[in-house]
Amino acid sequence: MAEWFSNLKAQFILNFIDDNRWKLLVNGVLLTIRIAFFAVILGVLIGSIVAIIRSTYDKNQETMARRKGFLYYLFSFVNAICKVYLAIIRGTPVVVQLMIMYFIIFASSKNGMLVATLAFGINSGAYVAEILRGGILSIDNGQFEAGRSLGLNYVQTMIYIIIPQVFKNVLPTLLNEFIALLKETSVSGYVGIKDLTKGGDTIRGLTFAPFMPLIAVALLYLMIVLLLTWAAGKVERRLRTSEK
Amino acid sequence: MKSNGEVLIKTEKLYKSFGDIRVLEGISEEIHKGEVVVVIGPSGSGKSTFLRCLNLLEMPTDGKIYFEGVDITDPKTNINSHRQKMGMVFQQFNLFPHMTVLKNMTLAPMKLLKMKKEDAEKKAMDLLRKVGLAERANAYPSQLSGGQKQRIAIVRALCMNPDVMLFDEPTSALDPELVGEVLSVMKNLAAEGMTMIVVTHEMSFARDVADRVIFMYDGVIAESGTPDEMFTNPKNPRTRQFLQSIL
């Protein structure tokens, strides 16, 4: 037993203490969080815009088509672009998108972190867009009509009446997407970013002892996700109280 | 509340189809200021569609609608500013579930009429007192009964100082014992001289409150007249048949 413990201790020192290897993990965590955080913001931004364009087009297609104005053609065009974007992003693996961004589109850029944030944000935006669009579709049309009948215009109705309800409804699904995004950043190592996964893998390569670094990586991801889940649960409960 | 006031709403040869289904087949009608018009008719006759066309919740396929002299079917007309003057009450209430009663009522006046919060709330509270719901000002819609929700929906529309109120089967989703409280609010409103267009199956309301009853059948106005004429001596056999089937 004592031998097992001292063995464990030696392993720990080898993997984390020697040469300050723990720094690989800590820096990796910080980088992972940074990429995920900014990618989420970008994703929500892109997702909201795409969702609003798509559902606005679907809802008002008939009216706009009747008038045949410039707005109709503009909207049809933008809506088509959104559809292509969704098809491409959802139809290809994120790691491929990341590599295309890094090695082809931004081949001249030295800022891997920025490219990765962009790639993950653009990827996440597609999923967020469909989550939000589903949320908008799930709101009873009577809510739109009530808003419009009071004289609010389409945008005001969206902002004050629809979006707050959508947000509340899709929060759990949205959180799920954020968790997925956080874990997807683990492929950042493909383009030379020293994120959490890469950090653990680097230690493994140095020490040839895979157990501790990889379990540590897993535990760190788990901790972040649990923390996120807990925080979102709190927010959700606060939002729900308004309906009780 | 006599019907000799100026014309408030005028429709000219209003047509509406949904795809191949023709719902309105040319409706020309005038609604005068202060008039209470009740629209009756069998289901599928187009009465709700007619009402919803008046504030363009449904875009007519053809024809014109003039509101206070302005052609609101003209694409250049800003429909939002005209809708502010046309309150609407729905069968399903359509209160905003994420807002308190007071917020429901003050949102539009504050955003559209640029009323100060205190002024909007004062007006809302005055209206709530009138319909006996002042103590529910801070409740959420899910905490209210159907009758309470509908009374709130009515005063929410009134907060915008509308020139006309459109009621789309306001009591059809209510339990029978809750219908009375909503109708009495509507009666008071009529007594105050509000112009009202009401689609309903409540024939007692039509008889007691309406200045004019319109009977719709197959997308046209089959007959219209005072409640007395319509209920005691309908000329159109369709009207007679309909009234017999429900009275």
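Quick note: numbers below take in every heavy atom, side chains included, and nothing from hydrogens, waters or symmetry partners. We name chains A, B, ... by the order of the sequence lines, and we start the count at 1 in each one.
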| field | Salt bridge flag under 4.0 Å for residues B:Asp126 and B:Arg129 | value | yes

| field | Carboxylate-amine/guanidinium contact B:Glu121 B:Lys117, below 4.0 Å | value | yes

| In terms of heavy-atom proximity below 4.5 Å to chain A, should B:Phe90 be classed as side chain, backbone, both, or neither? | side chain

| note | One option among B:Met88, B:Arg156, B:Gln92, B:Lys111 has the most heavy-atom pairs under 4.5 Å with chain A, and it is B:Lys111

| query | Are a donor atom and an acceptor atom from the side chains of B:Arg83 and B:Asn55 found within less than 3.5 Å of each other? | reply | no

| message | Is B:Leu166 in contact with chain A via its backbone, its side chain, both, or neither, using a 4.5 Å heavy-atom distance? | response | neither

| request: Examine B:Lys16 relative to B:Phe18 and say whether NZ or CZ is less than 6.0 Å from the centre of the six-membered ring and inside a 45° cone about the ring axis. | output: yes

| query | So which of B:Met86, B:His82, B:Arg52 has the largest heavy-atom pair count under 4.5 angstrom toward chain A? | reply | B:Arg52

| query | If you tally heavy-atom pairs under 4.5 Å against chain A, which of B:Lys85, B:Gln84, B:Met99, B:Gln91 wins? | reply | B:Gln84

| Top contributor to chain A interface from B:Ile79, B:Asn78, B:Leu107 [non-hydrogen pairs under 4.5 Å] | B:Leu107

| query | Do B:Asn80 and A:Arg148 have side-chain atoms, one donor and one acceptor, less than 3.5 Å apart? | reply | yes

| message | Report which part of B:Met160 has an atom under 4.5 Å of a heavy atom belonging to chain A: side chain, backbone, both, or neither. | response | side chain

| Counting only N and O atoms by type, is there a donor-acceptor contact under 3.5 Å from the side chain of A:Thr157 to the main-chain atoms of A:Asn153? | yes

